[in-house]
Chemist: 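Below is the structure I would like to discuss, written out as structure tokens.
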Amino acid sequence: MNIENVPQTALKVWEHIMIEGLKTHIKNDWKWISKEEHLKHFFIHFNSYMEGNLIDEDTGDTHLSHAFCRLGFILDNDLNGRGANQEVT
């Protein structure tokens, strides 16, 4: 695979969201959050985006960026067998 085929701007956005997330989350805690919890937050951000509310007031980043990250978390967890049956505490 050629890395040039990967959407670089999207990866930079994901990296930014991950770095900012470290201000309020424990490193890699997303790996142990349930799929349902990730989906809940995905839909919050995606629905806000679809309603024309582009910016998350809490972070100043776009709702679509947060939704993108949540889907990535779900995919990574599914592919690696993590988080599937775990509850958020």
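Note that these values count all heavy atoms, side chains included, but never hydrogens, waters or copies made by symmetry.
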Chemist: Is it possible for you to say whether I44 and L39 belong to one hydrophobic cluster, with membership spreading through side-chain heavy-atom contacts below 4.5 Å?
Modeler: no
Chemist: As an exercise, state the distance from CG of L75 to NZ of K35, rounded to the nearest 0.5 Å.
Modeler: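 It comes to 10.0 Å.
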Chemist: To the nearest 0.5 Å, what is the distance between NZ on K27 and CG on L22?
Modeler: 7.5 Å
Chemist: Search all heavy atoms of D56 against all heavy atoms of H45 and return the closest pair with its distance.
Modeler: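 Answer, listing the atom of D56 first, then H45: OD2-CE1, 3.4 Å.
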Chemist: Could you give the distance from CD1 (I55) to NE2 (H63), rounded to the nearest 0.5 Å?
Modeler: 7.5 Å
Chemist: Roughly how far, to the nearest 0.5 Å, is the OG atom of S65 from the CE atom of M18?
Modeler: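 The CE atom of M18 sits 13.5 Å away from the OG atom of S65.
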Chemist: Please check if the number of heavy atoms outside L79 that lie under 6.0 Å from its CG is greater than 12.
Modeler: yes
Chemist: Let me confirm one number: the CD1-NE2 distance from I74 to H41, rounded to the nearest 0.5 Å.
Modeler: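 Separation between the atoms: 10.5 Å.
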Chemist: Does any part of the side chain of K40, heavy atoms only, come nearer than 4.5 Å to the side chain of E37, both counted from C-beta?
Modeler: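 Yes - at least one pair of side-chain heavy atoms lies under 4.5 Å apart.
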Chemist: With a sphere of 6.0 Å drawn around CD of Q8, does it hold more than 12 non-hydrogen atoms of other residues, nucleotides or ligands?
Modeler: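 Counting neighbours around CD of Q8, more than 12 heavy atoms of other residues, nucleotides or ligands fall under 6.0 Å, so yes.
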Chemist: Please round to the nearest 0.5 Å and tell me the distance separating atom CG of D29 and atom OG1 of T24.
Modeler: 8.5 Å
Chemist: If you group Ile, Leu, Val, Met, Phe, Trp and Tyr by side-chain heavy-atom gaps below 4.5 Å, do F46 and V13 land in one group?
Modeler: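 As far as the 4.5 Å side-chain criterion goes, V13 and F46 are not connected within one cluster.
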Chemist: Applying salt bridge (Lys or Arg N to Asp or Glu O under 4.0 Å) to E20 and K23, what does each step give before you reach the verdict?
Modeler: CA-CA 6 Å; E20 290 298 307; K23 294 177 182 176; 2.8 Å; yes
Chemist: In terms of ring plane angle, is the pair W30 and F73 parallel, tilted or perpendicular, where the classes change at 30° and 60°?
Modeler: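 Parallel.
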Chemist: Would you say L11 and L64 are hydrophobically clustered, going by side-chain heavy atoms of ILVMFWY under 4.5 Å?
Modeler: no
Chemist: Classify the ring geometry of F68 against W14: parallel below 30°, tilted from 30° to 60°, perpendicular beyond 60°.
Modeler: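 Perpendicular, since the angle between the ring planes exceeds 60°.
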Chemist: May I ask you to say whether R82 pairs ionically with D76, meaning some side-chain N is under 4.0 Å from a carboxylate O?
Modeler: yes
Chemist: For N77 and I33, work out which heavy atoms get closest and say how close.
Modeler: ND2-O, 3.9 Å
